[in-house]
Amino acid sequence: MLNVIVIILCLAIFVRLFTYQRDGARFSRWKSGMAATVMVCCGSAVIHIATGDLVVQIEAWPLLALLAFLAAAIMRCGGNIAAVLRGPDAWDGRRDRRRGSDAR
């Protein structure tokens with residue numbers, strides 16, 4: 001049962017990171033590399049579970065909780081790894097610049 005949950009969470013993380021669109025966000029090689037590393041890890045976990053090389057034991061429930069937390073954070077931040085690191089409620093200058101003089 002835990003194998004199925006891990007596959008679902010890893011696929012959700014992989015798909016959300018893969019479909020992220022910058023929409024004016026600045027490019028950062030470090031953050032892009034981190035997103036690619038997370039995608040590789042999630043993809044390889046799915047492949048290893050599907051081929052039977054990896055079986056998630058019941059004792060690994062803390063790892064499953066950590067994976068669920070990461071999946072929720074990535075979904076909440078729209079697939080933006082940088083937003084996951086700084087938090088979704090951090091100040092974003094683009095929001096205030098769009099409003100123009102109304103923000104003052």
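Values below: every heavy atom of this structure, side chains too, minus hydrogens, waters and symmetry copies. For reference, positions follow the sequence shown, starting with 1.
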How far apart are the closest heavy atoms of [X] and [Y], and which atoms are they?
X     : Y     : result
Ser32 : Phe27 : OG-CE1, 3.3 Å
Ala73 : Val84 : O-CG2, 3.7 Å
Met39 : Phe18 : CE-CD1, 3.6 Å

side-chain contact (heavy atoms from CB on, under 4.5 Å) partners of [X], counting only residues at least two apart:
X     : value
Ala35 : Ile81
Val4  : Ile8
Leu64 : Leu2, Ile5, Val6, Leu9
Ser28 : Trp30, Lys31

(Q) For residues Tyr20 and Met34: do they belong to one hydrophobic cluster (side chain heavy atoms under 4.5 Å, members Ile, Leu, Val, Met, Phe, Trp, Tyr)? (A)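 Unlinked, Tyr20 and Met34 end up in two clusters.
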
Q.
Would a single hydrophobic cluster contain both Leu63 and Leu70, if residues Ile, Leu, Val, Met, Phe, Trp and Tyr are joined by side-chain heavy-atom contacts under 4.5 Å?
A.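 No, it is not one cluster - the side chains of Leu70 and Leu63 are not joined through contacts under 4.5 Å.
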
Enumerate, atom names and distances included, each donor-acceptor pair closer than 3.5 Å involving a side-chain atom of residues 41-56, sequence neighbours excluded.
residue : atom : partner : partner atom : Å
Ser44   : OG   : Val40   : O            : 3.1
Ser44   : OG   : Cys41   : O            : 3.0
Thr51   : OG1  : Ile47   : O            : 3.1
Thr51   : OG1  : His48   : O            : 3.2
Thr51   : OG1  : Asp53   : OD2          : 3.2

Q) Which pairs count as side chain to side chain donor-acceptor pair (under 3.5 Å) when at least one residue sits in residues 57-69, sequence neighbours excluded? A)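 Every pair satisfying side chain to side chain donor-acceptor pair (under 3.5 Å) with a residue in residues 57-69: there are none.
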
**Q.** side chain to side chain donor-acceptor pair (under 3.5 Å) pairs, two or more places apart, involving residues 6-19
**A.**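 Sorted pair list: Arg16-Thr19.
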
